[in-house]
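Beneath this line is the structure, given in structure tokens, with notes to follow.
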Amino acid sequence: MAAYFRIFFNTLQEYAVYRVNFLLWRVRSIIVFLIRYSIWIAAYEHVQSVASYSKEYMLTYIFFSSVLNDIVLSSKTYDIAAEIVEGKIINQLVKPISYFGIHLSREFADKLINIVCSLIEISFLIFILKPSLFIQTNLVTILLVGIFLVMGVIIAFFVNVSLSFVGFWTPEVWAGRFIFFVLVTFFSGWFFPLDILPPILYQALLMTPFPYFYFIPLKIYLGIPFIEILFYAGLAVSWVILSWIIAKRLWKKGMYQFSFFGK
Amino acid sequence: MKTIKRNAHIFKLLSIYSIKTAFQSKAGVVIFTIAKFFRFGMFFYFISFLVTKTQTLKGYSQNEAIVIYLMFTLIDTIGQIFFREVYRFRSLVVSGELDGVLIRPYHPFLRVLVGGIDPMDALTLIPYLAITFYYISLLPHITTQNLLISATFFINGLVLAAGFHIIVLALAIITTNIDHAIMIYRDISSTARFPIEIYREPLRALITFVIPIGIMASYPSRALFGKLHLSTAVFALCVSGFFLYVAIASWNHALKRYQSWGG
């Protein structure tokens with residue numbers, strides 16, 4: 001266990017090596033947030049609601065989705081693809097510690113950094129912009145949001161890991177990663193809440209893993225009937241299991257076929 | 001004249017190599033192109049939706065908001081076609097391979113700025129152009145004068161895009177601490193995907209005159225709509241000229257400080 005803690009702390013320290021880089025990475029995050037915030041503020045200039053979202057609910061969605069996005073989708077699992085393609089994975093596999101333990105430690109460290117930075121930035125932006133936000137006071141609802149968020153983190157982890165395992169078969173891992181990034185941008189609800197999409201498209205999207213990253217947790221936070229939550233819970237649990245099975249199978253198949261020269 | 005011919009020949013050769021390299025991964029080209037079209041389509045849908053639901057967006061009609069987005073897309077895409085090599089520049093600096101570029105008997109920009117054209121973006125440009133012309137044709141009261149001013153600012157936008165990429169090159173030499181300066185440029189430039197009037201001061205002034213993204217991607221549309229006053233247009237061109245001067249000065253300064261890394 002001590003080894004994993006060491007990896008966890010080493011990963012945290014890695015961020016401190018390139019401090020300017022780290023700072024600019026966070027600046028990027030603020031710029032993207034300000035674009036989303038500004039477009040919605042402009043949208044509500046002459047109307048009270050857009051697609052059943054009041055200004056207060058929409059701003060709550062925009063602010064909180066920014067934090068949840070950092071919690072759920074931040075990942076260090078991209079490194080796995082490079083390790084496979086460059087053959088470095090062999091060095092990792094012969095170590096007397098679990099390969100997934102190493103990456104989970106790095107993943108937790110990455111998420112911790114993201115959560116802390118994201119919370120600081122959003123608190124600062126709330127202080128500066130003074131938006132009117134909806135604060136959920138129902139503890140059961142908050143607990144449910146937490147549970148869905150954990151499921152979102154697990155689904156995102158397995159999906160990211162599976163995308164990296166593509167490296168077992170092709171060095172072109174960036175193509176799949178790019179299309180996933182583009183899909184996530186729109187289908188996870190990053191730019192706009194998914195239920196403003198045409199109903200058929202929205203219903204179809206609910207069958208994919210994307211809404212469970214943070215759109216559904218936020219929808220629960222903003223208040224939806226319990227029966228609807230149960231429906232989403234069923235689908236989220238299914239995606240947790242399915243993404244786990246896919247990742248496990250890809251790993252097994254990949255390890256069986258994997259070979260590398262010169263190591 | 002002889003130098004221009006020689007440079008054009010080198011540019012042609014480098015471009016042919018770049019195209020051949022890109023098409024080595026045919027699946028990657030297909031996925032990349034699909035993802036680009038998907039992203040384009042989703043933003044198109046989002047902007048259309050937003051303006052439909054809110055009547056106008058900061059005084060812009062639906063078609064005007066779409067033309068702003070299309071103009072941004074065109075400048076951004078052309079920038080990516082010609083300046084793709086900038087995305088790979090940092091590795092040249094860190095590995096010390098830049099020495100090999102600097103000693104060649106032609107201007108280094110031929111290699112590090114425009115030496116890796118991106119055929120995948122070129123594929124997407126054709127439909128983007130067709131859609132842009134179609135939406136411009138839908139705009140009422142378009143005059144020849146406005147079209148000419150818009151075309152001037154479009155070219156000015158491409159020159160500014162070159163300036164931004166030169167600054168990114170200079171930054172990569174001055175500090176190897178930043179490994180995604182180009183992504184920061186892309187995030188900042190994406191502010192011009194929407195009318196810049198949606199941003200509050202001082203952000204709007206910052207992205208118009210200090211980091212002239214607004215002039216680069218928004219002014220061609222404003223000129224087209226006849227919303228650009230003569231004094232603003234002249235001032236914008238002066239800002240552009242000064243920005244290009246700063247970009248080239250940054251590059252020259254960076255070269256003086258370059259001391260070859262790695263090797």
Side-chain angles (χ1 to χ4, degrees), chain A residues 17-53 55 58 128-129 166 169-187 190-194 196-198 201, chain B residues 24-43 45-47 49-60 65 120 171 174-181 183-200 203-204 206-207 211 213:
Chain A
V17 177
Y18 296 107
R19 284 182 285 275
V20 181
N21 208 32
F22 178 76
L23 190 73
L24 287 175
W25 168 49
R26 297 317 305 178
V27 168
R28 285 184 63 193
S29 159
I30 293 174
I31 293 168
V32 175
F33 172 81
L34 284 175
I35 296 173
R36 293 195 310 143
Y37 174 79
S38 301
I39 188 90
W40 284 109
I41 287 288
Y44 282 94
E45 201 172 41
H46 301 298
V47 292
Q48 294 297 313
S49 76
V50 177
S52 81
Y53 279 84
K55 187 178 176 182
M58 186 59 83
I128 297 287
L129 300 169
V166 172
W169 293 274
T170 170
E172 302 293 334
V173 281
W174 61 271
R177 186 68 72 180
F178 179 69
I179 203 161
F180 174 70
F181 170 75
V182 172
L183 288 172
V184 159
T185 306
F186 295 101
F187 288 164
W190 170 239
F191 237 93
F192 47 82
L194 296 177
I196 71 167
L197 287 167
L201 182 57
Chain B
Q24 273 186 340
S25 160
K26 290 188 180 60
V29 171
V30 172
I31 291 173
F32 187 85
T33 310
I34 290 171
K36 287 244 165 184
F37 279 132
F38 174 77
R39 185 171 59 186
F40 171 79
M42 286 308 290
F43 271 117
Y45 170 80
F46 176 55
I47 292 168
F49 167 85
L50 210 59
V51 190
T52 311
K53 295 285 176 189
T54 58
Q55 286 103 46
T56 65
L57 192 62
K58 284 285 174 183
Y60 288 102
M120 289 182 268
L171 268 176
I174 293 167
T175 168
T176 48
N177 216 342
I178 304 169
D179 68 0
H180 49 214
M183 297 316 291
I184 294 162
Y185 157 72
R186 289 195 56 73
D187 285 337
I188 297 175
S189 71
S190 68
T191 54
R193 192 173 265 135
F194 309 103
I196 50 167
E197 286 83 353
I198 68 165
Y199 303 106
R200 289 178 182 175
L203 181 63
R204 196 192 312 166
L206 183 80
I207 59 170
I211 311 167
I213 291 293

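Side-chain contact between B/Y199 and A/L34: absent, with no pair of heavy atoms (C-beta onward) separated by less than 4.5 Å. Counting heavy atoms from C-beta outward, B/F49 and A/I196 have side chains that approach closer than 4.5 Å. The side-chain heavy atoms of B/R200 and A/I41, taken from C-beta on, include a pair separated by under 4.5 Å. With a 4.5 Å cut-off on side-chain heavy atoms, A/L197 and B/M42 count as touching. Contact annotation: the side chain of A/I179 never approaches that of B/F38 to less than 4.5 Å [non-hydrogen atoms, C-beta and beyond].
Of the two parts of A/W25, the backbone and the side chain both hold a non-hydrogen atom closer than 4.5 Å to a non-hydrogen atom of chain B. Proximity to chain A involves both the backbone and the side chain of B/F32, based on heavy atoms less than 4.5 angstrom apart. For a residue to count as touching a neighbouring chain, one of its non-hydrogen atoms must lie under 4.5 Å from one of that chain's; by this rule B/I188 touches chain A with backbone and side chain alike.
Expressed to the nearest 0.5 Å, how far CD of A/E45 lies from CD1 of B/I198 amounts to 10.5 Å. Taking NE2 from A/H46 and NZ from B/K58, the interatomic distance works out to 7.5 Å, rounded to the nearest 0.5 Å. For the atom pair CZ of B/F194 and CZ of A/R36, the computed distance is 11.0 Å after rounding to the nearest 0.5 Å. Summarising the geometry, atom CZ belonging to B/R204 is positioned 10.0 Å from atom OG belonging to A/S38; distances are rounded to the nearest 0.5 Å.
Minimum interatomic distance between B/D187 and A/I35 (heavy atoms only, all atoms of both residues): O-CD1, 3.7 Å. Scanning both residues, A/A43 and B/T54, for their nearest heavy atoms gives O-CG2, 2.9 Å. Among all heavy-atom pairs drawn from B/G28 and A/A175, the shortest one is CA-CB, 3.9 Å.
Comparing A/T185, A/V182, A/T170, A/L183 by heavy-atom pairs within less than 4.5 Å of chain B, the highest count is held by A/V182. Heavy-atom pairs under 4.5 Å with chain B peak, among A/F181, A/W40, A/Y44, at A/W40. With respect to chain B, the highest number of heavy-atom pairs below 4.5 Å among A/V32, A/L23, A/V47, A/I39 belongs to A/I39.
Annotation: A/F186 is not in aromatic contact with B/Y45 [ring centroid separation under 6.0 Å not met].
Note: A/F191 and B/F46 have perpendicular aromatic rings, judged against thresholds of 30 and 60 degrees for the angle between ring planes.
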